[in-house]
Amino acid sequence: TSKGGPSKEVQDKLKKMALKVSTTLSVLDAGGIEYALTSAWYSKEGVLISNEQVHEFVKQSKGRLFGIGSVDTNKPNLMLNETKKCILEYGFKAMRILPWLWNMPPTHRNFYPLFAICEELGVPLCIQVG
């Protein structure tokens with residue numbers, strides 16, 4: 001759906017595909033990887049993986065996974081509060097945007113408040129452009 005995020009059918013499929021933290025840690029072990037990042041996904045269609053979901057996943061990882069937050073860039077006030085929550089409360093290490101999901105260039109003015117708050121908090125902003 002355009003306003004409420006993915007359809008119930010898509011959400012159900014995503015839940016069935018979701019990895020357990022123990023599975024993720026086993027895969028990391030098999031690959032000789034000590035630490036990894038896990039990220040929230042927000043798009044103009046809605047939330048695909050929420051910051052809360054990432055936070056819960058990270059909490060269960062015994063310190064091996066680090067969270068990367070994401071936000072709805074069409075809601076500037078909520079974006080700033082959510083970014084602060086991700087960094088200050090959840091302990092995430094960075095924020096992330098995917099301009100191609102929003103059909104905007106990475107220099108679009110909707111992203112300016114996020115650039116500023118990440119600078120203020122001293123955290124990286126990861127920008128995936130393709």
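Reckoned from all heavy atoms, side chains included, excluding hydrogens, waters and symmetry mates.
- Atom CG in Leu25 sits 11.5 Å away from atom CD1 in Ile33 (nearest 0.5 Å).
- Pro124 and Cys118 make their closest contact through O-SG, 4.4 Å (heavy atoms, listed as atom of the first residue, atom of the second, distance).
- You'll find the side chain of Trp41 stays beyond 4.5 Å of the side chain of Val47, heavy atoms only.
- Put simply, the side chain of Met79 does not reach to within 4.5 Å of the side chain of Met95, judged on heavy atoms.
- A 4.5 Å side-chain heavy-atom check between Trp100 and Val129 finds every atom pair outside the cut-off.
- The aromatic rings of His55 and Tyr90 sit parallel to each other, their planes meeting at less than 30°, with 60° as the upper class boundary.
- Of all heavy-atom pairs spanning Gln128 and Pro99, the tightest one is O-CD, 3.2 Å.
- Between Phe92 and Phe66, the distance from one ring center to the other does not fall under 6.0 angstrom.
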Original post:
Stepwise, does the side-chain contact (heavy atoms from CB on, under 4.5 Å) test hold for Lys44 with Asn103?
Top reply: CA-CA 9 Å; Lys44 66 181 179 176; Asn103 293 321; 2.4 Å; yes
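- For the pair His108 and Trp102, the minimum side-chain heavy-atom distance is 4.5 Å or more.
- The two residues Arg64 and Asp29 make their nearest non-hydrogen contact at NH1-OD1, 2.7 Å.
- In this structure, the side chains of Lys93 and Val123 stay at 4.5 Å or more apart for every pair of heavy atoms.
- Residues Gln53 and Glu56 are not in side-chain contact: their nearest non-hydrogen atoms beyond the backbone lie 4.5 Å or more apart.
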Original post:
Please walk me through it: do Met104 and Asn74 pass side-chain contact (heavy atoms from CB on, under 4.5 Å)?
Top reply: CA-CA 11 Å; Met104 292 186 233; Asn74 285 326; 4.0 Å; yes
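- Following chains of ILVMFWY side-chain contacts shorter than 4.5 Å, one can reach Val58 starting from Leu121, so the two form part of one hydrophobic cluster.
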Subject >> Worked check of side-chain contact (heavy atoms from CB on, under 4.5 Å) between Thr24 and Phe57 >> reply: CA-CA 10 Å; Thr24 300; Phe57 207 71; 3.4 Å; yes
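- Looking at heavy atoms from C-beta onward, Leu65 lies out of side-chain contact with Leu37 at the 4.5 angstrom threshold.
- Of all heavy-atom pairs between Leu101 and Glu45, the closest is O-OE1, 4.5 Å.
- No side-chain heavy atom of Leu78 sits under 4.5 Å from any side-chain heavy atom of Val71.
- One distance of note links CD1 of Ile87 with CD of Glu82; it measures 10.5 Å at 0.5 Å rounding.
- Among all heavy-atom pairs drawn from Ile49 and Ser39, the shortest one is CG2-O, 4.0 Å.
- Ring pair Phe115/Tyr112 is tilted by interplanar angle, where 30° to 60° counts as tilted.
- Hydrophobic clustering (side-chain heavy atoms under 4.5 Å, transitive across Ile, Leu, Val, Met, Phe, Trp, Tyr) keeps Phe111 apart from Ile68.
- Contact detail for Thr83 and Leu114: the closest heavy-atom pair is OG1-CD1, 3.3 Å.
- With values rounded to the nearest 0.5 angstrom, Glu120 atom CD is found 8.5 Å from Leu80 atom CG.
- For the pair Ser70 (side chain) and Arg96 (backbone), a donor-acceptor distance under 3.5 Å is present.
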